[in-house]
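Per chain, numbering begins at 1; letters A, B, ... match sequence-line order. Note that the coordinates shown come from a computational prediction; the quantities given were computed from them, not determined experimentally.
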Amino acid sequence: MPELPEISLFKDYLNATSLNKKITAIEFLHTGSLQSPKEEFIKAFKGKKFKNGIRLGKYLLIETTGDKALVMHFGMTGKIEYYKNQDPPKYSRVVFSFEDNDHLAYLSQRKLGKLFIAEGLEDFRESQELGKDALELTEKEFLELLEDKTGSIKGVLTDQHVLAGIGNLYSDEMLYQSKIHPKTKTNAISEKDKKQLFKQMKKVLEKAIEKEGVREDFPNSYLIKHRKGGKDCPACKGKIKQIKVSGRSTYFCPSCQKEEK
DNA sequence: CCCCATGTTGTAGG
DNA sequence: TCCTACAACATGGG
């Protein structure tokens, strides 16, 4: 699930369920995601409370009553699940148990997610060399970021070091909504189109948060509902095409999104 | 069996 | 330096 909109939902979910309760135990069903030894996690978080979840690109940073923050990354298939009185959900890798006997599980089916211990928000941002969050960017900053880039626009949008939060699914969507071919060289895009892309970037991310990432609930004019090679483009009745851009499967409409070089 | 999947990272080459 | 292609990680679904 996890690009910026999904992490935003995880953040709200965490803040609604798991704050201000003492963590009485941390159980590790699989340690592959840990970026520090598990003893360090126990030392940093056992006996502490989660105070506040903050989204940072595709990362969820959780401030605690201790002096360390817990950071979750979800890879391609991760999520969190709050539960009580039952076995951990399938694919649970780490389980935090609270003083009221409820639990928060960190799940990662494909084990591509990561858990970090961080000093704080800025510190973590720097250590990961993360770009500014896509939802916090101003138009001016966005235009400046694209300024000197020669690579494909899709590659730039999904480069977390340039701007943080956009992945494969939603980059295709905002390019489709902006009628820009994903392979277009970034510095070949007109000022007008870049401003349009900025607008669509915000709109698409906000719409996805509003719809809670549920594909079926998006407007029919969204590519996400037709994201498969050979399907009809909702705007022009052409066929959606699949290609590879920046190593990722990319879907677009060849007649709406003309390739300009 | 094959290919595909909302991510990241390291390597090799132009 | 910057960019692209590709493999690797690990697992499940069609």
Enquirer: For nucleotides 5-8 of chain C, print each protein N/O atom paired with a nucleotide N/O atom at under 3.5 Å, atom names and distance only.
Expert:
none

Enquirer: Centres of the A/Phe45 and A/Phe96 rings: under 6.0 Å?
Expert: no
Enquirer: Of all the choices, B/dT9, B/dT6, B/dT8, which nucleotide is nearest to the side chain of A/Arg215 once you look at every atom?
Expert: B/dT6
Enquirer: Send over the distance from A/Leu60 CG to B/dG7 P, rounded to a whole Å.
Expert: 17 Å
Enquirer: Separation of A/Asn168 atom CG from B/dA5 atom P, in whole Å?
Expert: 8 Å
Enquirer: Could you label the plane-to-plane angle of the A/Tyr59 and A/His73 rings as parallel, tilted or perpendicular, counting under 30° as parallel and over 60° as perpendicular?
Expert: tilted
Enquirer: By side chain to side chain contact (heavy atoms under 4.5 Å, CB included), which residues pair with A/Gln160, not counting sequence neighbours?
Expert: A/Lys58, A/Leu130, A/Ala164
Enquirer: Near DNA chain B, which residues from residues 106-125 of chain A have a heavy atom under 4.0 Å away?
Expert: A/Arg110, A/Leu112, A/Lys114
Enquirer: Taking 4.0 Å as the cut-off, does a side-chain nitrogen or oxygen of A/Thr158 come that near to OP1 or OP2 on B/dG7?
Expert: no
Enquirer: Just jot down the side-chain hydrogen bond (donor to acceptor under 3.5 Å, both in side chains) partners of A/Asn20, sequence neighbours excluded, or say none.
Expert: none
Enquirer: Does A/Glu141 offer a backbone N or O that forms a donor-acceptor pair with the side chain of A/Thr138 under 3.5 Å?
Expert: yes
Enquirer: Output the rest of the hydrophobic cluster of A/Tyr83: all Ile, Leu, Val, Met, Phe, Trp and Tyr residues reachable through side-chain heavy-atom contacts under 4.5 Å, sorted by chain and number.
Expert: A/Leu29, A/Val95
Enquirer: What stems involve DNA chain B, if each pair must be Watson-Crick or G-U and both of its distances must be under 3.5 Å, with 3 or more such pairs in a row?
Expert: B:2-5 with C:11-14, B:7-14 with C:2-9
Enquirer: Please enumerate all residues that pass side-chain hydrogen bond (donor to acceptor under 3.5 Å, both in side chains) together with A/Ser249, with sequence neighbours excluded.
Expert: A/Gln242
Enquirer: Would you mind listing every side-chain hydrogen bond (donor to acceptor under 3.5 Å, both in side chains) that reaches into residues 92-101 of chain A, with sequence neighbours excluded?
Expert: A/Lys21-A/Asp100, A/Ser97-A/His103
Enquirer: So which pairs with a foot in residues 195-221 of chain A pass ring-ring contact (aromatic ring centres under 6.0 Å, His included), sequence neighbours left out?
Expert: A/Phe142-A/Phe198, A/Phe218-A/Tyr222
Enquirer: Rounded off to whole Å, could you give me the CG-to-C1' distance for the A/Leu4 and B/dT6 pair?
Expert: 12 Å
Enquirer: If the plane angle is over 60° it's perpendicular, under 30° parallel, otherwise tilted; pick one for A/Phe74 and A/Tyr106.
Expert: tilted
Enquirer: Under a single-linkage rule joining Ile, Leu, Val, Met, Phe, Trp and Tyr whose side-chain heavy atoms are separated by less than 4.5 Å, which residues share a cluster with A/Phe252?
Expert: A/Ile243, A/Val245
Enquirer: With the side chain of A/Lys58 defined as its heavy atoms from C-beta on, choose the nearest nucleotide among B/dT9, B/dG7, B/dT6.
Expert: B/dG7
Enquirer: What distance, rounded to whole Å, do you find between the two P atoms, one in C/dC3 and one in B/dT6?
Expert: 23 Å
Enquirer: So, A/Thr64 side chain and A/Lys68 main chain: donor-acceptor pair closer than 3.5 Å or not?
Expert: yes
Enquirer: Please state how far atom NZ in A/Lys90 lies from atom C1' in C/dG12, giving the value in whole angstrom units.
Expert: 9 Å
Enquirer: For A/Glu3, is there any backbone N or O sitting under 3.5 Å from a side-chain donor or acceptor partner on A/Glu6?
Expert: yes
Enquirer: When the distance from OH of A/Tyr59 to C1' of B/dT6 is rounded to whole Å, what number comes out?
Expert: 15 Å
Enquirer: In this structure, how many angstroms lie between the P atom of B/dG7 and the CD atom of A/Glu3, rounded?
Expert: 5 Å
Enquirer: For A/Tyr91 and C/dG12, is the shortest distance between a side-chain N/O and OP1 or OP2 below 4.0 Å?
Expert: yes
Enquirer: Using a heavy-atom cut-off of 4.0 Å across all strands, would you classify A/Gln242 as base, sugar-phosphate, or nothing?
Expert: sugar-phosphate
Enquirer: Sticking with atom P, work out how far B/dC3 lies from C/dA7, rounded to a whole angstrom.
Expert: 12 Å
Enquirer: Between B/dC2 and C/dA8, how far is it from one P atom to the other, in whole Å?
Expert: 15 Å
Enquirer: Can you tell me if the side-chain N/O atoms of A/Arg248 get under 4.0 Å from OP1 or OP2 in B/dT6?
Expert: yes
Enquirer: Of all of residues 144-156 of chain A, which get a heavy atom below 4.0 angstrom from DNA chain C, listed by number?
Expert: A/Lys149, A/Thr150, A/Gly151, A/Ser152
Enquirer: How about A/Phe28 and A/Ile42: do any of their side-chain heavy atoms sit closer than 4.5 Å?
Expert: yes
Enquirer: So A/Arg93, base contact, sugar-phosphate only, or nothing? Heavy-atom distance under 4.0 Å.
Expert: nothing
Enquirer: Mind checking A/Phe74 for me? I need base, sugar-phosphate or nothing, with any heavy atom below 4.0 Å counting as a touch.
Expert: nothing
Enquirer: Between A/Tyr251 and B/dC4, is there a side-chain N or O to OP1/OP2 distance below 4.0 Å?
Expert: no
Enquirer: Any side-chain hydrogen bond (donor to acceptor under 3.5 Å, both in side chains) involving residues 38-52 of chain A? Give me the pairs, sequence neighbours left out, ordered by first then second residue.
Expert: none
Enquirer: Could you tell me the separation between the NZ atom of A/Lys185 and the P atom of C/dC3, rounded to a whole number of Å?
Expert: 10 Å
Enquirer: Give the rounded distance in Å between these two atoms: CG of A/Leu157 and P of B/dT8.
Expert: 14 Å
Enquirer: Side-chain donor-acceptor pair under 3.5 Å between A/Glu81 and A/Tyr91, yes or no?
Expert: no
Enquirer: Look at the side-chain N and O atoms of A/His73 and state whether any lies under 4.0 Å from the OP1 or OP2 oxygen of B/dT8.
Expert: yes
Enquirer: When the nearest nucleotide of DNA chain B is assigned to A/Gln128 and to A/Leu169 on a heavy-atom basis, which residue is associated with the more 5' position?
Expert: A/Leu169
